[in-house]
Amino acid sequence: MKVYKYPVRVNTVETIDLPLGAKPLSIAFQYDKVYIYALVKPEEQKTVSVQVIVAGTGEPLPEDIDTFTYLNTIQMFDQQWNLHGFYKK
């Protein structure tokens, strides 16, 4: 197994395809982009669609946010902007 990163947009629900059995781990800011990191088996050919939302504090969340799993919160720009990551398989 390996940890891979996938770019995600902020303040939108996005669907990404991960290898079957992948486990989302966290969100992070790197090189001016936000990524979701996941533990994956790179050789897995089958994929599963995962919904991801990364939202800033005070931004609207989907009505079904309680069906998502919280990942973590990151701070950006000298702690001026906080982003919260969620996912749903």
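A quick note: this is a predicted structure, and the numbers were derived from the prediction, not measured.
Both Val54 and Ile16 sit in one connected hydrophobic cluster of ILVMFWY residues. Membership requires side-chain heavy atoms under 4.5 Å apart, directly or through other members. No single ILVMFWY cluster, assembled from side-chain heavy atoms under 4.5 Å apart, contains both Phe68 and Val50. Hydrophobic clustering, with ILVMFWY side chains joined whenever heavy atoms are under 4.5 angstrom apart, keeps Leu83 apart from Phe86. Linking ILVMFWY residues whenever their side-chain heavy atoms come closer than 4.5 Å, directly or via other members, leaves Val8 and Ile65 in distinct clusters. Residue Val48 is not grouped with residue Leu25 when hydrophobic side chains (ILVMFWY) are merged at heavy-atom distances under 4.5 angstrom, including chains of intermediate members.
The OG1 atom of Thr67 sits 14.0 Å away from atom NZ of Lys89, with the distance rounded to the nearest 0.5 Å. Interatomic distance, Gln75 CD to Thr57 OG1, rounded to the nearest 0.5 Å: 9.0 Å.
Within 6.0 Å of NZ on Lys23 lie no more than 12 heavy atoms contributed by other residues, nucleotides or ligands. Residue Glu63 places its CD atom among 12 or fewer non-hydrogen atoms of other residues, nucleotides or ligands, all under 6.0 Å distant.
Leu61 places none of its side-chain heavy atoms less than 4.5 Å from the side chain of His84. You'll find the side chain of Leu18 stays beyond 4.5 Å of the side chain of Tyr87, heavy atoms only. Contact of the Asp17 side chain with the Ser49 side chain is registered, since non-hydrogen atoms from C-beta on lie closer than 4.5 Å.
The two residues Pro62 and Ile53 have their closest heavy-atom pair at CD-CD1, 3.4 Å. Between Glu44 and Pro19, the shortest heavy-atom distance links the atoms CB-CB, 4.0 Å. In terms of heavy atoms, Pro42 sits closest to Lys2 at CG-CD, 3.8 Å.
Under the 3.5 Å distance criterion, the side-chain polar atoms of Asn72 are matched with a main-chain donor or acceptor of Ile27.
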| task | Show the numbers, then the answer: is there a side chain to side chain contact (heavy atoms under 4.5 Å, CB included) between Trp81 and Val10? | result | CA-CA 12 Å; Trp81 198 22; Val10 176; 4.0 Å; yes
Would you list the atom pairs, donor with acceptor, under 3.5 Å between side chains in residues 33-40 and any protein atom, with sequence neighbours excluded?
residue : atom : partner : partner atom : Å
Tyr37   : OH   : Gln30   : OE1          : 3.0

